[in-house]
2 protein chains.
Amino acid sequence: MDPVGFETHDHAHCMASALAKAEEECAEKGLQLTPVRRRVLEILLEQHRALGAYDVLEHLRAEKLGSQPPVAYRALDFLVSHGFAHRIERLNAFIACSHPGERHAPCFLICRECSAVVEAPGRQAAQALREAAAQLGFGVERVAIEAEGLCPACGPAA
Amino acid sequence: MDPVGFETHDHAHCMASALAKAEEECAEKGLQLTPVRRRVLEILLEQHRALGAYDVLEHLRAEKLGSQPPVAYRALDFLVSHGFAHRIERLNAFIACSHPGERHAPCFLICRECSAVVEAPGRQAAQALREAAAQLGFGVERVAIEAEGLCPACGPAA
DNA sequence: TTGTGTATGTTACATTGTAACGATAAACAA
DNA sequence: TTGTTTATCGTTACAATGTAACATACACAA
């Protein structure tokens, strides 16, 4: 799994590929990637950072695709519940998934300086969490693993 | 470390002991456990569950200890920043720390049925997170590890 | 056609969180 | 004592985030 780190990357390509992946998966599973849902995913991919629901809504308004909060929340819920986007609890914000299609336990690194958010491989952390929970008889269904700190560009090295 | 699981326990004792611990630590470190801060900690301990800031505020209002949101948020911020309480991002809520004084990476199990929240040992999950972050050159300062699922009482066994 | 289900549109409101500014109180030096 | 500093507290006013409820539109099957 490519960690999609803090380095620069071919953004146009990553967008197009994520969008194609989403379309493919929706076709497969009979999910409806409606214009609003598709556009919200595009917005998240374009921005390539965590956006609040109201940030997304502003874009939708500007494009006459919807003007009220529920429109944005519904589209975001759809994207999140099918794994095309993730919710960052810490920020009350949403971000496009970096690895659509792959089963993965998301795990986010949030830079407190530049607000960059990166999705890191979280398999091991999630597994450790499941084990700790199992010890207490707790059955984990969903996890939210988030770290706040300094990204390479903002860190002590910089 | 006693996991303080989902079992029943001597609540009066756990409250008194946590409060004593907080007083001791504040005395040591020169922190001021003022009446409002102390009372908010007591409220969290009494309830023994995650409370929203406005829930706490209601108690404060009833007791004439403060009536406006900032009063509750300040006290909660104090408690959180000194490790006497934790914020549950997922719930926008706060809970008294189950292990005051001990250095620990908090990790929370949230039951989606009964809303119980339990603090589980999260050392390993936090460590895994730190390692994954280090791979990307990210320096972790704070972590939020939260799991949603079913507690033993609400689970398939029940 | 008539239902049925899904998605959308909209209103109105609930909940959560903060900036800003002044008042108060304790600690301490001049 | 007086002035100064610092932390805490009180309050207003508002910003930001999220949802319940109900109406509408459209596709597709019975």
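Bear in mind the structure is a predicted one, so any value in this text is a computation, not a measurement. So that the names make sense, note that chain A is the first sequence line, chain B the second, and so on, each numbered from 1.
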[X] and [Y] ion-paired at < 4.0 Å:
| X | Y | answer |
| --- | --- | --- |
| A/Glu148 | A/Arg112 | no |
| B/Glu42 | B/Arg39 | yes |
| A/Lys21 | A/Glu25 | no |

Tabulate protein N/O versus nucleotide N/O from nucleotides 6-8 of chain C, keeping only pairs under 3.5 Å, one per line.
residue: C/dA7; atom: OP1; partner: A/Arg37; partner atom: NH1; Å: 3.2
residue: C/dA7; atom: O5'; partner: A/Arg37; partner atom: NH2; Å: 3.3
residue: C/dT8; atom: OP1; partner: A/Thr34; partner atom: OG1; Å: 2.5

Main-chain N/O of [Y] paired to [X] side chain as donor or acceptor, under 3.5 Å:
| X | Y | answer |
| --- | --- | --- |
| B/His82 | B/Asp77 | no |
| A/Glu113 | A/Cys154 | no |
| B/Arg61 | B/Ser67 | yes |

Worksheet item: For DNA chain C, what residues of residues 52-60 of chain A have any heavy atom nearer than 4.0 Å?
Response: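 Here the set is empty: none.
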Practice prompt. Under 4.0 Å from any heavy atom of chain A: name the first and the last nucleotide of DNA chain D that qualifies, 5' to 3'.
Written response: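 Under 4.0 Å from chain A, the extent on DNA chain D is D/dT17 to D/dA21.
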Worksheet item: Any chance the side chains of B/Glu131 and B/Gln127 put a donor and an acceptor closer than 3.5 Å?
Response: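 B/Gln127 and B/Glu131 do have a side-chain donor-acceptor pair below 3.5 Å.
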Practice prompt. For the residue pair B/His59 and B/Glu46, confirm or rule out a side-chain donor-acceptor distance under 3.5 Å.
Written response: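 No - no donor-acceptor pair under 3.5 Å links their side chains.
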Worksheet item: Can you check the B/Arg90 CZ to C/dT16 C1' distance for me, whole Å?
Response: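 In whole Å, C/dT16 C1' lies 17 Å from B/Arg90 CZ.
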Discussion item. Just the rounded figure in Å: distance from C1' of C/dG17 to CG of B/Leu76.
Written reply: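 After rounding, the gap between these two atoms is 12 Å.
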Item to complete: With heavy atoms under 4.0 Å as the rule, sort B/Arg87 into base, sugar-phosphate or nothing.
Response: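 Sugar-phosphate contact only.
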Worksheet entry | Partner set under salt bridge (Lys or Arg N to Asp or Glu O under 4.0 Å) for A/Glu89, not counting sequence neighbours |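 In terms of salt bridge (Lys or Arg N to Asp or Glu O under 4.0 Å), with neighbours along the sequence ignored, A/Glu89 is linked to A/Arg87, B/Arg90.
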Worksheet item: Got a sec, which residues hit salt bridge (Lys or Arg N to Asp or Glu O under 4.0 Å) with B/Arg49, two or more places apart in sequence or on another chain?
Response: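 Listed in chain order: nothing, the list is empty.
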Practice prompt. Rounded to the nearest 0.5 Å, what's the gap from CG on A/Leu19 to SG on A/Cys14? Could you check?
Written response: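 Here the interatomic distance stands at 10.5 Å.
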Discussion item. Which heavy atom of A/Ile110 sits nearest to which heavy atom of B/Phe138, and what is that distance?
Written reply: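 Looks like O-CZ, 3.3 Å.
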Worksheet item: Bend angle of the helix from C/dT1-D/dA30 to C/dA30-D/dT1 from five-pair axes at both ends, rounded to 10°?
Response: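 Helix axis angle between the two ends: 10°.
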Practice prompt. May I ask you to decide if the ring planes of B/His104 and B/His86 are parallel, tilted or perpendicular, using 30° and 60° as cut-offs?
Written response: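 B/His104 vs B/His86 ring planes: perpendicular.
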